[in-house]
Student: 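If you scroll down you'll find the structure; I have some questions about it.
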2 protein chains.
Amino acid sequence: MNSRTGTAGRKSELTRKWILDVARGLFNDHGTSAVSTNHIAAGAGISPGNLYYHFENKKDIIRALLAEYTTAYEDRWAPTADAGENLATLRENLAAWSELAWAYRFFEREVLALVRVDPALRDSYRETYARRVGQYVAFGEQLEAQGLLRAPAPPGTIHDLAVAIWLIGQGWLPFLDVTADPRDPRQVARGTDLVLVALTPYLTTKGRRALEDVAQRG
Amino acid sequence: MNSRTGTAGRKSELTRKWILDVARGLFNDHGTSAVSTNHIAAGAGISPGNLYYHFENKKDIIRALLAEYTTAYEDRWAPTADAGENLATLRENLAAWSELAWAYRFFEREVLALVRVDPALRDSYRETYARRVGQYVAFGEQLEAQGLLRAPAPPGTIHDLAVAIWLIGQGWLPFLDVTADPRDPRQVARGTDLVLVALTPYLTTKGRRALEDVAQRG
DNA sequence: GTCTATATCGCGATAGAC
DNA sequence: GTCTATCGCGATATAGAC
């Protein structure tokens, strides 16, 4: 509130970041509801009072983590123009994405419940979702324009496909967390398979070749 | 524990069921972590002590609700033999399923978090998942045998598709809950669209016609 | 089977010293 | 910026009367 963030804010930022890292780890391991602000403070080796100096409450911490997550994603995946190139790197992109999602896996597990009880969180989630699916759709339209997409796609198909892929992407990691060991690299590969099983049949032969390119090279 | 369930158990079963109904409603509205055993007791118009007579604790209630949910599903959808007929009724089946899912929507929202903190729940969930996806795969193989599935499906495709569809089915309702009004019938229809956008491209022309049949008649 | 009363515990949050 | 101390509250769970 009263912080003019000059050089004085440095130490504060460090502690703040440290709290977020610890909280993220605990949330990932035990789920947000099992983790109290006291646990976080203890885990971070600071006092409860200090934690409340940096954050209003637990919700505030969760919001900050979502902001981190979103930023990390958007730093990494600035949308590019060439859909063909994107197809070629799709697999590695999915793998890289899964790394990030793993770091914030409590989120993938709990978002839908969390946004229900925190309107502020809900708003940023909706915004992210809209932007993200918008990117998918733009990607699909690029594919179409470049003849990489099978022709007779009824209107709305690309959008539906984008949402379906979003759902698969949202769901598969926490799902593996339950049914298998998500750290197993082969399982991560299965995650990309699940996305591709939805996407592939919409690609032309040329599109499929672009997709497999990297598999040949790698 | 010491209950020889004869005629004496009748009243007990009624109260038990009533508690479950109330709990389900509250969980749906506020999420499991915001709802305490006291809230449930108050909502049911009974004392906290009475609630603990019928259930060990909150986890126990949640487990009972999952059992209810699973049973309700399996009573409704006994697998049938004719895949072509199944295709024709797929849309209505999806719509009917969404009714059921709506009644237990807190589950769709929270399962993955819930199973993490309750091993018993985790076990039944895994079991249900395995059985359900197994049914999907069997369905896919029937389609294939009847020439309703496009021919060159690489091994594993049907299974991947089954899992992808499971993920879409798991995800879309709670997702709508966040992004739109899930009670809007058109939104429910969009849910089936999302499943079909993954399935349709794998169908032969004949398969697609079987799928559209009902749309013509309705 | 159901109630009332209560014990215990830990969470969220703040005040005030340093 | 960080700590210690602490208050108030509500959640879980049990004891014992009816």
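Chain identifiers are assigned alphabetically (A, B, ...) following the order of the sequence lines, protein sequences preceding nucleic acid strands; residue numbering begins at 1 within each chain.
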Student: Rounded to the Å, how far apart are B/R10 CZ and C/dT2 P?
Tutor: 15 Å

Student: Please, which pairs that meet salt bridge (charged side-chain N to carboxylate O under 4.0 Å, His left out) have at least one residue in residues 32-55 of chain B, sequence neighbours excluded?
Tutor: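 Sorted pair list comes back empty.
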
Student: Who are the salt bridge (charged side-chain N to carboxylate O under 4.0 Å, His left out) partners of B/R131, not counting sequence neighbours?
Tutor: B/E74, B/E127

Student: Over 60° means perpendicular and under 30° means parallel, so tell me whether A/Y104 and A/Y69 are parallel, tilted or perpendicular.
Tutor: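 The rings of A/Y104 and A/Y69 lie parallel, inter-plane angle below 30°.
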
Student: Can you pull out every salt bridge (charged side-chain N to carboxylate O under 4.0 Å, His left out) where at least one residue sits in residues 155-168 of chain A? Sequence neighbours excluded, please.
Tutor: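 For residues 155-168 of chain A, and leaving out neighbouring residues, the salt bridge (charged side-chain N to carboxylate O under 4.0 Å, His left out) pairs sorted by first residue read A/D160-B/R190.
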
Student: Roughly how many Å is it from NE2 in A/H54 to C1' in D/dC3, rounded to a whole number?
Tutor: 12 Å

Student: Round to the nearest Å and state the distance from A/K58 atom NZ to C/dG10 atom P.
Tutor: 15 Å

Student: For residues 12-33 of chain A, pull every pair meeting ring-ring contact (aromatic ring centres under 6.0 Å, His included), keeping only residues two or more places apart or in separate chains.
Tutor: A/F27-A/F106

Student: Classify the angle between the aromatic ring planes of A/Y129 and A/W166 as parallel (below 30°), tilted (30 to 60°) or perpendicular (above 60°).
Tutor: perpendicular

Student: Side chain of A/N50, heavy atoms from C-beta onward: which of D/dG1, D/dT14, C/dC3 has the nearest atom to it?
Tutor: D/dG1

Student: Under 4.0 Å between a side-chain N or O of B/Y53 and OP1 or OP2 of C/dT2?
Tutor: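 It does not, given that no N or O in the side chain of B/Y53 lies less than 4.0 Å from OP1 or OP2 of C/dT2.
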
Student: What residues, two or more places apart in sequence or in another chain, satisfy salt bridge (charged side-chain N to carboxylate O under 4.0 Å, His left out) together with A/R105?
Tutor: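 A/R105 satisfies salt bridge (charged side-chain N to carboxylate O under 4.0 Å, His left out) with A/D29 once adjacent residues are dropped.
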
Student: Please report, rounded to the nearest Å, how far the P atom of C/dG1 is from the CH2 atom of B/W18.
Tutor: 19 Å

Student: Filter on side chain to side chain donor-acceptor pair (under 3.5 Å), then keep only pairs touching residues 115-124 of chain B, sequence neighbours left out; what's left?
Tutor: A/D177-B/R116, B/R63-B/D118

Student: Give a yes/no on whether any side-chain N or O of B/T15 is located under 4.0 angstrom from OP1 or OP2 of C/dT2.
Tutor: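 Answer is yes, contact under 4.0 Å.
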
Student: Quick one: list whatever passes side-chain hydrogen bond (donor to acceptor under 3.5 Å, both in side chains) with B/Y202, sequence neighbours left out.
Tutor: none

Student: Please write out the pairs of protein N or O atoms and N or O atoms of nucleotides 15-17 of chain C separated by less than 3.5 Å, giving the distance to one decimal.
Tutor:
none

Student: Rounded off to whole Å, could you give me the CG-to-P distance for the A/N57 and C/dA13 pair?
Tutor: 5 Å

Student: So which of residues 24-48 of chain B are in contact with DNA chain D, with a heavy-atom cut-off of under 4.0 Å?
Tutor: B/S36, B/T37, B/N38, B/H39

Student: Take the C1' atoms of the five end pairs on each side of the helix from C/dG1-D/dC18 to C/dC18-D/dG1, derive the two axes, and give their angle rounded to 10 degrees.
Tutor: 0°

Student: Let me know the distance between CG of A/D60 and C1' of C/dA13, rounded to the nearest Å.
Tutor: 14 Å

Student: Whole angstroms only, please: what is the OH-P distance between A/Y52 and C/dG12?
Tutor: 5 Å

Student: Just distance, no hydrogens or angles: give the donor-acceptor pairs under 3.5 Å from side chains in residues 35-43 of chain A, sequence neighbours left out.
Tutor:
unit_1, atom_1, unit_2, atom_2, d
A/S36, OG, A/N38, N, 3.3
A/S36, OG, A/H39, N, 3.1
A/S36, OG, A/H39, ND1, 3.2
A/T37, OG1, A/Y52, OH, 3.3
A/H39, ND1, A/S36, N, 3.0

Student: Take atom NZ of B/K17 and atom P of C/dG1, then tell me their distance rounded to the nearest Å.
Tutor: 18 Å

Student: Sort and list the pairs that fulfil salt bridge (charged side-chain N to carboxylate O under 4.0 Å, His left out) and have at least one residue in residues 162-172 of chain A, not counting sequence neighbours.
Tutor: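 For residues 162-172 of chain A, and leaving out neighbouring residues, there are no salt bridge (charged side-chain N to carboxylate O under 4.0 Å, His left out) pairs at all.
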
